[in-house]
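Take a look at the structure set out below.
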Amino acid sequence: MAVPQVWVRMAQLQQGGPDEKEKTTALKDLLSRIDLDELMKKDEPPLEFPDTLEGFEYIFNEKGQLRHAKTGEPFVFNYREDLHRWNQKRYEALGEVDATESEPKSFIFMSEDALTNPDKLLVLIHGNGVVRAGQWARRLIINEDLDSGTQIPYIKRAIEEGYGVIVLNPNENYIEVEKTKAQVHLSSDSSDEPAEKRERKDKIQKETKKRRDFYEKYRNPQKEKETMQMYIRDNGSPEEHAIYVWDHFISQSAAENVFFVAHSYGGLAFVELMIQREAEVKNKVTAVALTDSVHNVWHQEAGKTIREWMRENCFNWVSSSEPLDTAVESMLPDCPRVSAGTERHELTSWKSFPSVFRFFSEALEAKNSSVKPTPMRRSNRIKYEEL
């Protein structure tokens, strides 16, 4: 391109007399008429890109990392040298690719009016472990009943009171798929050890695997193949899932007032959401009910403004021997803690159920009248006042 040479020439001309200055002015006028964007487009390939990962020749590996399907290399931005604009457009097109049929996916549950309800939206987040969307604790489902172990009572009550509902699925972060022979071989050959040492090691591993497979055949006959974990894009952890659902659904909903109920690790996921989307959450969320949350504002490095907002808009119903809604001392400077009326961690969401909805009603009323909700007892003997 001749542009740099023109500027060099201009620099030389500026050192001369009046005639040189006139030439410089003329050159400046000429350059002002040049559309640099058009120059860049002149030799640029068409801005036409695939609409699938396969089209880009990229896949997500078992660690959830984007890698080239053939070389295994990470994404390369400068696919074509000296074509920054084209490379940027390619990068943006890759970011818009939807999940393909072969890519692992997750799901959430939503009521029909979740995105259109103009008034209220309830978001439910369960804890970590084996529980899935709509569950609080499998132990309660199996040993007690659906009311205490699932989110069904919350969903029913919310719909009765005019809320839209979104149920998150934060524990479905990957799928297990069977390894191909090539993948099994690749994992064993990926070491940087000398070939001779690796051969001896492989021989030992094969003998060990043979004995283990023989044992596994009788111990667990249904699992005879090696598997690997394929992480779901942008949903590889409960925290990622909460942020993804916020960005694509909750923040797009019509509801003026969003309410969260987050149990155990779900509370940690909510705090991480606040850290990543503080302004948006403050603008849209009216109140948050945590049930025996395991969040920690110090370890998660939540800022002062987040801690202050949580003190004003959150309550954490914790496992305690004290009666329901009794104030419980907290060592953390965030949301007030009150008793859930049970010492069993997995029961806190169910035992605090009526108090949570009273808290939400008070919070909504407070938003319109500047009266702060206080869902706690003044002492152990004073009954919580009904609205």
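As the structure is a prediction and not an experimental result, all values here were calculated from the model.
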Test item: N171 side-chain N/O and G129 main-chain N/O as donor-acceptor pair under 3.5 Å: yes
Donor-acceptor side-chain pairing of Y265 and E239 below 3.5 angstrom: yes
E301, CD atom: more than 12 neighbouring heavy atoms under 6.0 Å: no
Side chain to side chain, F249 and V123, heavy atoms closer than 4.5 Å: no
Audit row: W309, V288, side-chain contact (heavy atoms from CB on, under 4.5 Å) steps and yes/no: CA-CA 11 Å; W309 187 90; V288 179; 4.0 Å; yes
Heavy atoms from other residues, nucleotides or ligands near NZ of K284 exceed 12 (cutoff 6.0 Å): yes
Linked, directly or transitively: M110 and F259 (ILVMFWY side chains, under 4.5 Å): no
Parallel, tilted or perpendicular, as decided by the 30° and 60° cut-offs, for the rings of F315 and W317: tilted
Minimum heavy-atom distance between I306 and M274, given as atom pair plus value: CD1-O, 3.8 Å
Under 3.5 Å donor-acceptor, Q300 side chain and L268 backbone: yes
Cluster link V245 to L290, ILVMFWY, side chain under 4.5 Å: yes
Backbone of A366 reached by a side-chain donor or acceptor of N368 within 3.5 Å: no
Donor-acceptor contact below 3.5 Å, side chain R132 vs main chain E172: no
Check: Q135 side chain, V131 main-chain N or O, donor-acceptor pair, under 3.5 Å: no
Heavy-atom check, side chain of H241 versus side chain of I125, under 4.5 Å: no
Donor-acceptor pair between H295 and N316 side chains, under 3.5 angstrom: no
Nearest atoms (heavy-atom pairs only) where S339 meets S320: OG-CB, 3.5 Å
Hydrophobic cluster identity match, I108 and V261, side-chain contacts under 4.5 Å: no
Of T326, V318, L332, the residue whose pairing with R337 passes side-chain contact (heavy atoms from CB on, under 4.5 Å): V318
Side-chain heavy atoms of L347 within contact of S148, under 4.5 Å: yes
Let me have the donor-acceptor pairs involving side chains of residues 153-166, under 3.5 Å, with sequence neighbours excluded, atom names and distances please.
{"unit_1": "Y154", "atom_1": "OH", "unit_2": "S349", "atom_2": "O", "d": "2.5"}
{"unit_1": "R157", "atom_1": "NE", "unit_2": "E161", "atom_2": "OE2", "d": "2.5"}
{"unit_1": "R157", "atom_1": "NH2", "unit_2": "E161", "atom_2": "OE2", "d": "3.3"}

Residue pairs passing the salt bridge (charged side-chain N to carboxylate O under 4.0 Å, His left out) test where at least one lies in residues 106-129, sequence neighbours excluded: none
Neighbour count >12 (heavy atoms, 6.0 Å) for atom CD, E256: no
F353 atom CZ, over 12 foreign heavy atoms within 6.0 Å: yes
Parallel, tilted or perpendicular: ring planes of W136 versus H263, cut at 30 and 60 degrees: perpendicular
Straight-line distance of L124 CG to F109 CZ, nearest 0.5 Å: 12.0 Å
Value rounded to 0.5 Å, distance of OG in S237 from OH in Y174: 12.5 Å
N257 side chain vs T286 backbone, donor-acceptor pair below 3.5 Å: no
Side-chain touch N313/V285, heavy atoms, less than 4.5 angstrom: no
Short side-chain donor-acceptor distance under 3.5 Å, S106 and N235: no
Derivation and outcome, side chain to side chain donor-acceptor pair (under 3.5 Å), residues D292 and S319: CA-CA 6 Å; D292 227 7; S319 51; 3.0 Å; yes
4.5 Å side-chain heavy-atom contact, L168 and H126: no
